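First the structure, in the form of C-alpha cells, and then the observations on it.
All of these numbers come straight from a predicted model, not from anything done at the bench. In what follows, residues are counted from 1 in the order of the sequence shown.
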Amino acid sequence: MAEVREFKSRFGEQNKLEKMRAANHPDGVTVDPIPASRGEEITVLYYGPLAQNGASQLWMHTGYGPANQWSEVKDLPMEKTGRGWVAVVGADRGDRLNFCFHDNTGRWDNNQGRNWSLEIHEGGRV
C-alpha cells in the first residue's frame with residue numbers, strides 16, 4: 001500500500017485556502033487561525049473588491065494597537081492564488097492587529113473606514 005503524504009504549501013495544508021475561501025464572507029476577507037495567539041503565523045485571504053477588479057498587485061496594510069492609533073505600520077505584499085490574494089503575518093505581539101488592503105493603482109479597501117482587526121492573545125490558544 002502506498003504511503004499517503006500530506007501536501008504542505010507555504011500557506012499550510014493542501015486545502016487550507018480552499019476551506020478559507022469556502023467561508024465566502026461578504027466582505028471578502030478570511031483569517032486563520034481564529035483565535036490567534038502571539039507567536040503564530042496568521043494567514044489572511046482577500047477576495048474582496050480589489051481582487052475582483054484585476055489588480056496586478058495587492059498589499060495588506062497592517063499595524064498594531066487601537067483602531068485610531070496604529071503602530072508598527074507596514075505594507076505586506078500579497079500573493080495571488082486561485083482562491084484570492086494571500087498574506088501571512090507573524091503575530092509578533094499580544095495586541096490588536098489592524099489591517100486593510102490597497103492595490104497598485106492607489107485604490108483601497110478599508111471596510112468602509114472600519115478596517116479589519118484581530119485580537120492577538122498572549123500565551124497559548126484560547
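In terms of heavy atoms, S37 sits closest to A91 at O-CB, 3.6 Å. When every heavy atom of R38 is checked against every heavy atom of I120, the shortest pair comes out as N-CG2, 3.4 Å. The shortest non-hydrogen separation linking A87 to P77 is CB-O, 4.5 Å. In this structure, R83 and E18 approach most closely via the heavy-atom pair NH2-OE1, 3.3 Å. Considering every non-hydrogen atom in both L17 and L45, the closest pair reads O-CD2, 3.9 Å.
No more than 12 heavy atoms of other residues, nucleotides or ligands sit less than 6.0 Å from atom CD of Q112.
When side chains are defined from C-beta on, N115 counts as touching N110, because their heavy atoms get closer than 4.5 Å. Residues W116 and V44 have side chains not in contact (no heavy-atom distance under 4.5 Å, counting atoms from C-beta outward).
The hydrophobic cluster containing W70, built from Ile/Leu/Val/Met/Phe/Trp/Tyr side-chain heavy atoms closer than 4.5 Å, also comprises V73.
Under the rule for a side chain to side chain contact (heavy atoms under 4.5 Å, CB included), P26 has no partner lying at least two apart in sequence or in another chain. For N68, the side chain to side chain contact (heavy atoms under 4.5 Å, CB included) partners are P66, not counting sequence neighbours. Shown here are the salt bridge (Lys or Arg N to Asp or Glu O under 4.0 Å) partners of R21, two or more places apart in sequence or in another chain: there are none. Under the side chain to side chain donor-acceptor pair (under 3.5 Å) criterion, N104 pairs with S56, sequence neighbours left out. Contacts of A23 classified as side chain to side chain contact (heavy atoms under 4.5 Å, CB included), with partners at least two apart in sequence or in another chain: H25, T30. Residues that satisfy the side chain to side chain donor-acceptor pair (under 3.5 Å) test with D92, not counting sequence neighbours, are absent from this structure. Residues meeting the side chain to side chain contact (heavy atoms under 4.5 Å, CB included) test with A51, sequence neighbours left out: Y46, L58, W85.
A chain of hydrophobic side-chain contacts below 4.5 Å, direct or via other Ile, Leu, Val, Met, Phe, Trp or Tyr residues, connects V29 to Y64. With hydrophobic clusters built from ILVMFWY side chains whose heavy atoms lie under 4.5 angstrom apart, L50 shares a cluster with M78.
N98 places a side-chain N or O within 3.5 Å of a backbone atom of G65 that can act as its donor or acceptor partner. Put simply, the side chain of E122 gets close to the backbone of G94: a donor and an acceptor are under 3.5 Å apart.
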side-chain hydrogen bond (donor to acceptor under 3.5 Å, both in side chains) assessment of T105 paired with R107: CA-CA 6 Å; T105 67; R107 294 178 295 184; 3.1 Å; yes
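Applying the salt bridge (Lys or Arg N to Asp or Glu O under 4.0 Å) definition to pairs two or more places apart or across chains, those involving residues 54-74 are E72-R93. Here salt bridge (Lys or Arg N to Asp or Glu O under 4.0 Å) pairs that include residues 108-119, with residues two or more places apart or in two chains, are R96-E119.
Each of V89, V31, V86 was compared with T43 under the side-chain contact (heavy atoms from CB on, under 4.5 Å) criterion, and only V86 meets it.
Of the inter-residue distances, the one linking F101 atom CZ with W59 atom CH2 reads 14.0 Å to the nearest 0.5 angstrom. One distance of note links OG1 of T81 with OH of Y47; it measures 11.5 Å at 0.5 Å rounding. Note: I34 CD1 to L118 CG = 4.5 Å, rounded to the nearest 0.5 Å.
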